[in-house]
Amino acid sequence: MLSEDKRIHTKEDLREWLALEYRRYPLTARHILPYLFQWSEGAILRRHTKLLRTTEYHFNNGHRLRAAWYNAWLMRLQLKTGMHLPINCYGKGLMLMHLHPIASNPHVSVGENCRLMPFVKLAGDDVQGLAPTVGDNVVLGIGCTLVGGITLADGIIVGAGSVVTKSFLEPGIILAGVPAKKIGVREGWEAPKSDEPQV
């Protein structure tokens with residue numbers, strides 16, 4: 001899970017996180033009806049973002065009834081879509097690329113501005129209580145799996161279908177394969193100076 005200093009605690013935090021993450025799913029005039037009736041992928045992802053972050057805010061501030069209310073709606077939506085993202089595990093600026101299943105251990109810690117493709121799995125070791133720790137600006141490709149108490153540095157890209165079973169502490173590299181290994185360097189990548197993710 002995220003450390004206390006990286007969680008949503010104030011209404012200002014909540015507004016900041018939502019404003020940043022809503023930009024991933026823009027709401028323009030032609031999107032209003034799909035948003036109101038939840039007809040589009042972007043509308044559902046936007047709703048998921050609001051429920052996830054609002055649940056976190058109320059949970060972190062001890063608002064038990066409101067946290068339970070929002071969490072019930074969050075769980076309902078996650079069960080429908082197959083996206084199982086536990087609260088307080090994903091940093092600011094998260095982007096879910098499509099409305100497809102994602103499986104996540106409740107003890108994972110994922111940094112800021114990360115992108116998750118469909119069918120990503122972050123699997124922990126329930127016996128030892130270990131789970132993956134992922135840095136900032138990481139891209140997890142379609143169908144990749146992270147296993148156990150591993151650590152990924154900032155800016156890493158994990159290729160589609162890869163299985164990561166050990167830590168990679170060199171930032172800005174590309175991983176692929178089963179088991180995953182370094183196959184290259186993320187061209188032009190450097191630690192960002194703003195809230196915007198590097199692509």
Side-chain angles (χ1 to χ4, degrees), residues 1-27 31 34-136 138 140 145-149 195 197:
M1 300 182 82
L2 296 175
S3 59
E4 284 291 333
D5 62 313
K6 294 184 178 179
R7 298 184 186 184
I8 299 173
H9 289 289
T10 65
K11 287 186 178 179
E12 290 73 24
D13 290 342
L14 179 60
R15 282 194 288 266
E16 179 187 347
W17 287 45
L18 287 176
L20 175 62
E21 294 177 359
Y22 279 170
R23 291 207 301 255
R24 278 85 166 116
Y25 320 110
L27 186 59
H31 294 115
Y35 176 72
L36 290 176
F37 293 99
Q38 296 292 290
W39 288 339
S40 70
E41 181 179 58
I44 296 170
L45 288 170
R46 191 178 173 98
R47 182 167 175 241
H48 179 269
T49 295
K50 179 168 186 177
L51 289 173
L52 177 68
R53 299 316 190 184
T54 306
T55 301
E56 291 174 345
Y57 165 72
H58 289 300
F59 180 85
N60 295 337
N61 284 284
H63 306 154
R64 292 184 182 180
L65 289 177
R66 280 174 284 182
W69 171 262
Y70 279 101
N71 191 56
W73 284 100
L74 176 65
M75 291 298 104
R76 185 171 183 265
L77 180 58
Q78 289 190 348
L79 287 170
K80 277 185 175 181
T81 60
M83 297 188 305
H84 297 286
L85 282 76
I87 64 171
N88 289 323
C89 290
Y90 290 84
K92 178 171 62 176
L94 174 68
M95 183 173 189
L96 305 176
M97 298 304 292
H98 291 286
L99 194 62
H100 285 287
I102 295 172
S104 180
N105 183 283
H107 302 293
V108 303
S109 177
V110 178
E112 296 184 2
N113 296 319
C114 288
R115 295 181 179 216
L116 275 63
M117 304 293 180
F119 305 107
V120 167
K121 298 178 185 69
L122 292 92
D125 181 342
D126 291 332
V127 176
Q128 297 182 7
L130 300 174
T133 299
V134 178
D136 298 337
V138 171
L140 301 180
T145 303
L146 279 57
V147 181
D195 285 337

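Model, not experiment: these values are computed from the prediction. We use all heavy atoms of the structure for the numbers below, so side chains are in, but hydrogens, waters and symmetry mates are not.
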How far does [atom1] of [X] sit from [atom2] of [Y], to the nearest 0.5 angstrom?
X      : Y      : atom1 : atom2 : answer
His98  : Thr81  : NE2   : OG1   : 14.5 Å
Leu77  : His48  : CG    : NE2   : 6.0 Å
Tyr57  : Arg15  : OH    : CZ    : 9.0 Å
Ile8   : Asn60  : CD1   : CG    : 7.5 Å
Thr145 : Leu122 : OG1   : CG    : 8.5 Å
Cys89  : His107 : SG    : NE2   : 8.5 Å

Of the options Leu140, Val110, Leu146, which is the one that meets Pro132 in a side chain to side chain contact (heavy atoms under 4.5 Å, CB included)? Leu146
Leu94 pairs by side chain to side chain contact (heavy atoms under 4.5 Å, CB included) with which of Asn113, Thr49, Leu85? Leu85
pair Asn61-Thr10: side-chain heavy atoms closer than 4.5 Å: no
Output every pair passing salt bridge (Lys or Arg N to Asp or Glu O under 4.0 Å) with a member in residues 1-10, not counting sequence neighbours, ordered by first then second residue. Glu4-Arg7
Pairs involving residues 55-69, ordered by first then second residue, that meet salt bridge (Lys or Arg N to Asp or Glu O under 4.0 Å) (sequence neighbours left out): Arg53-Glu56
Distance-minimising heavy-atom pair for [X] and [Y]:
X      : Y     : result
Leu45  : Leu96 : CD1-O, 3.7 Å
Leu20  : Lys92 : CD2-CG, 3.5 Å
Pro106 : Pro86 : CA-CG, 3.5 Å

Quick one: salt bridge (charged side-chain N to carboxylate O under 4.0 Å, His left out) partners of Arg76, sequence neighbours excluded? none
Would you please test Ser109 and Tyr90 for side-chain hydrogen bond (donor to acceptor under 3.5 Å, both in side chains) and show each step? CA-CA 6 Å; Ser109 177; Tyr90 290 84; over 6 Å; no
Is it true that, when you exclude Phe119 itself, more than 12 heavy atoms of the residues, nucleotides or ligands shown sit nearer than 6.0 Å to its CZ? yes
More than 12 heavy atoms of other groups within 6.0 Å of Leu79 CG: yes
Sidechain-backbone polar pair: [X] side chain, [Y] backbone, donor-acceptor under 3.5 Å:
X      : Y      : value
Asn105 : Ala123 : no
Asp13  : His9   : yes
Glu112 : Gly91  : no

Pairing residues for His84 by the side chain to side chain donor-acceptor pair (under 3.5 Å) criterion, not counting sequence neighbours: none
Please identify each residue that fulfils side-chain contact (heavy atoms from CB on, under 4.5 Å) with Met95, with sequence neighbours left out. Arg24, Tyr25, Met97, Arg115
Return the set of residues passing side-chain contact (heavy atoms from CB on, under 4.5 Å) with Tyr70 (not counting sequence neighbours), or none when no residue passes. Leu51, Thr54, Thr55, His58
